[in-house]
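Everything on this sheet refers to the single structure shown next.
Because the structure is predicted, anything quoted here is derived from the model rather than measured.
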Amino acid sequence: GRTLLVWSYDYARNDGYLTKDRRGSYDRLSWILYIVHNEDLLFELKTWIKTNLTAVSVSSVQVFLQAAILPKITPDDRKKYKIPEHLSPSRAQVHMLMLHKKVGCKFQPYKKCYYVDAHERPDVRAYRKAYLEDFFRYEKRAYKWIQITEDEADALRREYEHLPEGHKFVTDAGVPMVEFHVDDSDAFDSWRVNDPASKYAHHPMAKVDGFAMGTNLSVRFPNGEKPIIHIGQDEATYKAFCMSKDTWTIDGYQPLRSKADGPGLMLSAFVGSPFYFGIPVPERVLDEANRRREPGMMRYDSKESAHAVNASLKGCAAARAAARAAAKQAKRDKLRREATAEPDPAVYDEDSDGEGGERDFSADPTMKRPFDKDVLFEADGVRYFQSPCLRMLKIGKQNEGYWDSDHFLLQVEDVLDVMEIWFPGHQFLVEVDHSSGHDKFKPDGLNVNNMSANVGGVTQRLLRTSRNLAAESLGPHEAIVVRFEDGGKGKKKSKKRKVTRTWDVKLKVGDDQPMVFQEGDPPPYKNPNWEQRDYVGKAKGIDQVLFERGLLDPKKKYTLNGKKDKGEVIPGTSTMDILANCPDFKGELSLLEQLVQDRDHILLSSPKCHPELAGDGVEYGWGQSKRFYRRNNGGSE
């Protein structure tokens, strides 16, 4: 009835005629087929979607089509494919276009993945090149090599086509051999785990004090060097209610889960190819480490970190518990000595805290405490215990605080204490990532991140003096501070100004450069009319330091982070980069670098944006661990 009524109104309005029905006069989806078969328009659409993938939606694609794609359809093509001139696609049609297999869009749950957008950044490429050069040089000294006969190598090549040539050599007995890296073939995996059933089980394997290293040193080992053991470190967090996204249901019922992730546990672990995850240590090694750590025997080199961690009221619940346990053990040892008439060692003195004069760990936060003995497993008659290579921290202000650089510095000291006992005569290549906790500098260290562009500043730290400047730290430009007669503070400058005084502050090779204005220093070049009281005792800032070194070209314009052209920083326009690349700033060691270097070991930082290289494969261990944790976590705190 409604249709007949509409027809009657239409008949009356058009003087006895019905309006022609336009349904079927064009294909509503013809424009979709046109776009997906037009390579240029399809490429432009997909490029825009990929560029704006973070905020893309059906509505945003609809607007882009209307503004940039549809206007490019020629009149001839519109007529040929029956596409209306003033086409306004609906959301449903745009959605259908996005789901077309040639466009390739899908709307699905977000999944964690990896990114490669920063791999070719200039700084990443430069560091990656330097990292690989160092890594390949150190590998010649590491337990990562396998030697087999030429006949075995030929048989292996028939099975694995992409096996490299390897390094050929001849033994003293005249046997032709080939040396391979352990990662050259999957066939060497059984060798790595010391599988007796392996076809290479008859070959000798390097052992250190009875511990099988899984591989050998290279026959090209450089003379006069120490063998290297490569270990890597990384952190991970586990939350109490972090469980698998899938769950069992019955009759439509599913278990209740907490909305929050719950309390967390922070883990810091070291790994290495010859070891289990967390590097468990033999009992004799842990006993020797604890013997050396008797009360008062050893103290941390990182004293500030030890005070920050062990003396904190909020962050040292575990430390206080360890201190109480150590004090009780010390008291029991003293009673045992008195009962057996053993001589009292010098670790007890009159000034020590606690009953009977024993050393109380809580009174001296820098004292190294004995390790707990938690047995993990037994292999070949040797019991292995948890070592400081695996540390756990209940995170939160009400628990044990948060893992930071201070915790890590203490862990590294503990790890080196144990590993040096286990593998004497070796150097340890400690590999870490570029986190802020690993790159912490001394408070007065030469670090551009602790400096401002100009003089003074609330956040700018007072850095130490740079001694004996090298020629590479100086530039060719003049450094003359000019004071004008009418340029006083708060006065308006005139076009013609009279010079009243000048200072040449250009530094020379071998000079020392304080980072703080001293009494009697000329004023800053940006504020030449300041009085001494205005700048003495204040940090100079990046610009003043560069000016004194002659590294600022008066004809160029600089900014702190550099001027940009088409989104890219113009080289040589960032004052922060210029100063950071000076030898004294570039050579400044972080606290971690200083600690490892002082103990004659090597610190290596993995390239940024390359987690697959970080920490000698530690990320793969975390991945397996978290997968197991989510699948087996029952949601209990």
Side-chain angles (χ1 to χ4, degrees), residues 114 116 119 127-150 152-169 177-208 211-222 225 227-234 269-279 423 426-433 602 604-607 609-625:
Y114 59 88
V116 295
H119 279 189
Y127 183 81
R128 185 169 61 214
K129 180 180 179 181
Y131 167 85
L132 292 175
E133 291 175 354
D134 292 339
F135 188 85
F136 291 145
R137 186 175 73 255
Y138 293 137
E139 269 197 331
K140 295 288 180 61
R141 300 164 52 195
Y143 293 90
K144 294 191 177 184
W145 303 93
I146 289 173
Q147 297 85 23
I148 60 177
T149 65
E150 276 196 4
E152 290 174 326
D154 293 338
L156 194 62
R157 286 193 184 92
R158 290 192 290 269
E159 186 178 355
Y160 297 89
E161 297 180 359
H162 302 291
L163 190 71
E165 284 297 319
H167 172 71
K168 296 182 179 181
F169 66 100
M177 303 285 288
V178 183
E179 179 178 75
F180 293 102
H181 191 280
V182 69
D183 294 329
D184 283 342
S185 171
D186 295 339
F188 299 138
D189 287 347
S190 56
W191 183 317
R192 190 194 291 268
V193 298
N194 194 20
D195 184 4
S198 169
K199 65 177 71 175
Y200 309 110
H202 62 283
H203 285 280
M205 181 189 299
K207 291 188 177 182
V208 179
F211 181 81
M213 301 302 294
T215 47
N216 297 320
L217 292 172
S218 174
V219 295
R220 295 166 288 173
F221 188 91
E225 299 285 355
I228 281 179
I229 295 179
H230 185 191
I231 56 177
Q233 182 274 345
D234 193 32
F270 282 80
V271 299
S273 54
F275 312 105
Y276 290 98
F277 192 85
I279 312 184
F423 301 100
H426 287 70
Q427 271 190 312
F428 295 97
L429 176 62
V430 182
E431 186 170 358
V432 297
D433 59 17
I602 305 166
L604 188 64
S605 295
S606 303
C609 310
H610 284 279
E612 74 278 7
L613 299 177
D616 197 23
V618 65
E619 295 288 357
Y620 299 99
W622 288 132
Q624 290 285 354
S625 173

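Listed by chain and residue number, nothing satisfies the salt bridge (Lys or Arg N to Asp or Glu O under 4.0 Å) test with E150 (two or more places apart in sequence, or in another chain). Contacts of D433 classified as salt bridge (Lys or Arg N to Asp or Glu O under 4.0 Å), with partners at least two apart in sequence or in another chain: none. Residues forming a salt bridge (Lys or Arg N to Asp or Glu O under 4.0 Å) with R137 (at least two apart in sequence, or on another chain): D134. When the ring pair (Phe, Tyr, Trp, His ring centres under 6.0 Å) test is applied to F270, no partner is found at least two apart in sequence or on another chain. Legend: residues meeting side-chain hydrogen bond (donor to acceptor under 3.5 Å, both in side chains) with S218, ordered by chain and number and at least two apart, are E179. A search for side-chain hydrogen bond (donor to acceptor under 3.5 Å, both in side chains) contacts involving H610 returns R128, E612, not counting sequence neighbours.
Between Y143 and H426, the angle of the ring planes stays under 30°, which puts this pair in the parallel group of the 30/60° scheme. Ring geometry, F423 versus F428: the interplanar angle exceeds 60°, so the pair is classed perpendicular (tilted spans 30 to 60°).
Of all the heavy atoms in D616 and V271, the pair that sits closest is O-CG2, 4.0 Å. When every heavy atom of L163 is checked against every heavy atom of L156, the shortest pair comes out as CD2-CD2, 3.6 Å. In this structure, F277 and G621 approach most closely via the heavy-atom pair CE1-CA, 4.0 Å. Smallest separation of non-hydrogen atoms from S273 and K144: OG-CE, 4.5 Å. Nearest heavy-atom pair across G166 and V178 is CA-CG1, 4.0 Å.
Residues K140 and E225 fail the side-chain proximity criterion, which asks for heavy atoms closer than 4.5 Å. Residues E619 and P611 have side chains in contact (heavy-atom distance under 4.5 Å, counting atoms from C-beta outward). Annotation: side chain of V432 is not in contact with side chain of S606 (no heavy-atom distance under 4.5 Å). Looking at M177 and H167, their side chains never come closer than 4.5 Å, going by heavy atoms from C-beta outward. In this structure, I602 and I228 have side chains that are in contact, with non-hydrogen atoms separated by less than 4.5 Å. Two residues are said to be in side-chain contact when any heavy atoms from C-beta on lie closer than 4.5 Å; Q147 and F169 meet this criterion.
Within 6.0 Å of OH in Y276 there are 12 or fewer heavy atoms belonging to other residues, nucleotides or ligands.
A distance of 13.5 Å separates CD of Q427 from NE2 of H230, quoted to the nearest 0.5 Å.
Between F188 and W145, the ring center distance fails the sub-6.0 Å criterion. Checked against the 6.0 Å centroid threshold, F211 and F275 count as a close aromatic pair.
Judged by distance alone, the side chains of Y131 and E431 do bring a donor and an acceptor atom under 3.5 Å apart.
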